[in-house]
There are 2 protein chains.
Amino acid sequence: MTSGTNSSAPSRKPTRQQAAVAELLERSDDFTSAQTVHARLREAGAGVGLATVYRTLQSMVDAGTVDVLRTDDGEAVYRACSTHHHHHLVCRSCGRTVEVEGPAVEKWADKVASEHGYTGVTHTLEIFGSCADCTAADA
Amino acid sequence: MTSGTNSSAPSRKPTRQQAAVAELLERSDDFTSAQTVHARLREAGAGVGLATVYRTLQSMVDAGTVDVLRTDDGEAVYRACSTHHHHHLVCRSCGRTVEVEGPAVEKWADKVASEHGYTGVTHTLEIFGSCADCTAADA
DNA sequence: TCTCAAACTGAAAATGATTGTCAAAACCGT
DNA sequence: ACGGTTTTGACAATCATTTTCAGTTTGAGA
């Protein structure tokens, strides 16, 4: 129900395709959709099946090595991120992303939730804006 | 490009279908998907076309009378909310939703963003957990 | 009230991301 | 090399959402 690929095993050696997806993500700074990853890999010669891209991305999310969020139109986008808890400051135009932390926010969310009797609390927080370069370009 | 239905006009009298969708949302406490709204209206006798449900929901979002967010699987869900800026505390099991405010969080987000040179900042923040009732039921 | 154009509706078809299927291919330990 | 397990990938199936387009409704004016 969680992954289907591997669940609790110490993780095998990544296959060529898995490595390709992982490396592509490492190289790009912004969130990238599965479709785009697939297209880029194809262009780069190292073709990887679309289904495999989705599967790999999912297991990476499960493994916590990749963050995922949804664009306004519901498309899932992925990004290789640091493993500790953080949030994202994303440029609305170019996608440039900065990881940010806000310990105070975490505490606030937990407090508010427990005040209302909620347990097992998690939260999502993304900040959007126009980065300096894009703001300048718009002028 | 924004709505197609109405954009800057002082808004006409709502049609029977639009009223039906609006009333249904008013009556339900939790976030509801377009598909569900459509199904409920159909059951209730007052049938409204699926396309119309989507169109109506969208213009309500544009008008700011309804909040929208995405479930984990990317489905859009809607809820009639107060018009001032707020966030949601949503029960993961039953969907029970509480509107919460966090002025400090707003300021923090703006500050962090501007520190990184981002302008025109917006953000999304949702808190998920298991409400008291559901936590009890699980025991 | 009659008329016409603009706005609205809805059934059906189109779209597009994501997932499921399943036979072939890559791997692994023996 | 051999049998068993895992992964892959082309393709079909799903499913929410959008678009199309012809028929209906609405509103302002004659």
Side-chain angles (χ1 to χ4, degrees), chain A residues 1-24 31-63 66 68-79, chain B residues 1-24 31-63 66 68-79:
Chain A
M1 183 177 277
T2 32
S3 136
T5 310
N6 63 342
S7 46
S8 59
S11 74
R12 296 173 177 286
K13 174 160 76 105
T15 65
R16 171 183 71 76
Q17 322 26 14
Q18 291 166 350
V21 171
E23 283 167 28
L24 178 51
F31 282 90
T32 313
S33 75
Q35 300 285 346
T36 301
V37 168
H38 176 244
R40 293 237 190 101
L41 289 178
R42 170 158 298 184
E43 288 170 21
V48 176
L50 182 55
T52 302
V53 170
Y54 274 101
R55 279 186 292 239
T56 303
L57 251 15
Q58 274 202 51
S59 50
M60 291 176 87
V61 170
D62 290 345
V66 157
V68 59
L69 61 84
R70 300 260 172 192
T71 62
D72 281 342
D73 60 315
E75 192 178 17
V77 287
Y78 308 81
R79 181 177 189 276
Chain B
M1 183 178 277
T2 31
S3 135
T5 310
N6 64 342
S7 48
S8 58
S11 76
R12 297 173 179 286
K13 174 162 74 111
T15 65
R16 171 183 72 76
Q17 298 69 344
Q18 291 167 349
V21 171
E23 282 167 28
L24 178 52
F31 281 89
T32 313
S33 74
Q35 300 285 346
T36 302
V37 168
H38 176 244
R40 292 237 191 101
L41 289 177
R42 170 158 298 185
E43 288 169 22
V48 176
L50 181 56
T52 301
V53 170
Y54 275 101
R55 279 186 291 237
T56 302
L57 251 16
Q58 273 202 46
S59 50
M60 291 175 87
V61 170
D62 290 345
V66 157
V68 59
L69 60 84
R70 300 260 172 194
T71 63
D72 281 343
D73 61 316
E75 191 179 19
V77 286
Y78 308 82
R79 181 176 188 274

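None of the values given here were measured: they were computed from a predicted structure. Letters A, B, ... are given to chains in the order of the sequence lines, protein chains preceding strands, and every chain is numbered from 1.
- Of the listed nucleotides (dA11(C), dA10(D), dT9(C)), dA10(D) has the atom at the smallest distance from the side chain of Ala51(A).
- For the pair Val21(B) and Met60(B), the tightest heavy-atom approach, listed with the atom from each and the gap, is CG1-SD, 4.2 Å.
- Atoms CG (Leu57(A)) and P (dT8(D)) sit 13 Å apart, rounded to a whole Å.
- Picking from dG10(C), dC8(C), dG9(D) the nucleotide with the shortest atom distance to the side chain of Val48(A) gives dG9(D).
- Closest approach to the Arg42(A) side chain among dG10(C), dT17(D), dA10(D) is made by dA10(D) (side chain taken as heavy atoms from C-beta onward).
- Separating the CD atom of Gln17(A) from the P atom of dT6(D) is a distance of 17 Å, rounded to the nearest angstrom.
- In this structure, the CG atom of Asp72(A) is 16 Å from the P atom of dA17(C), given to the nearest Å.
- The side chain of Leu50(A) sits closest to dT18(C) out of dT18(C), dT9(C), dT7(D).
- Going from atom CD of Glu75(B) over to atom P of dC15(D) covers 11 Å, rounded to whole Å.
- Contact between Arg70(A) and Asp73(B) at its shortest, heavy atoms only, is NH2-C, 3.5 Å.
- Ranking dT7(D), dT19(C), dG20(C) by closeness to the Gln58(A) side chain, first place goes to dT19(C).
- Contact record, Phe31(B) with Leu69(B): CZ-CD2, 3.5 Å, taken as the closest heavy-atom pair.
- For dT24(D), the OP1/OP2 oxygens have no side-chain nitrogen or oxygen of Arg16(B) closer than 4.0 Å.
- In this structure, the side chains of Thr32(A) and Tyr78(A) stay at 4.5 Å or more apart for every pair of heavy atoms.
- In this structure, OH of Tyr54(A) is placed 13 Å from P of dG20(C), rounded to the nearest angstrom.
- One can place CG of Asp73(A) at 12 Å from C1' of dA16(D), the figure rounded to the nearest angstrom.
- What separates CZ of Arg55(B) from C1' of dT17(D) is a distance of 12 Å, to the nearest Å.
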Donor-acceptor pairs under 3.5 Å, side chain of residues 35-45 of chain A to any protein atom, not counting sequence neighbours: which ones?
| residue | atom | partner | partner atom | Å |
| --- | --- | --- | --- | --- |
| Gln35(A) | NE2 | Tyr54(A) | OH | 3.0 |
| Thr36(A) | OG1 | Ser33(A) | OG | 2.8 |
| His38(A) | NE2 | Val48(A) | O | 3.3 |

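- Summary of the strand contacts: Thr15(B) and Arg70(B) both lie near DNA chain D, and taking for each the nucleotide with the nearest heavy atom, the more 5' one is attributed to Arg70(B).
- With rounding to whole Å, Lys13(B) atom NZ is found 14 Å from dT25(D) atom P.
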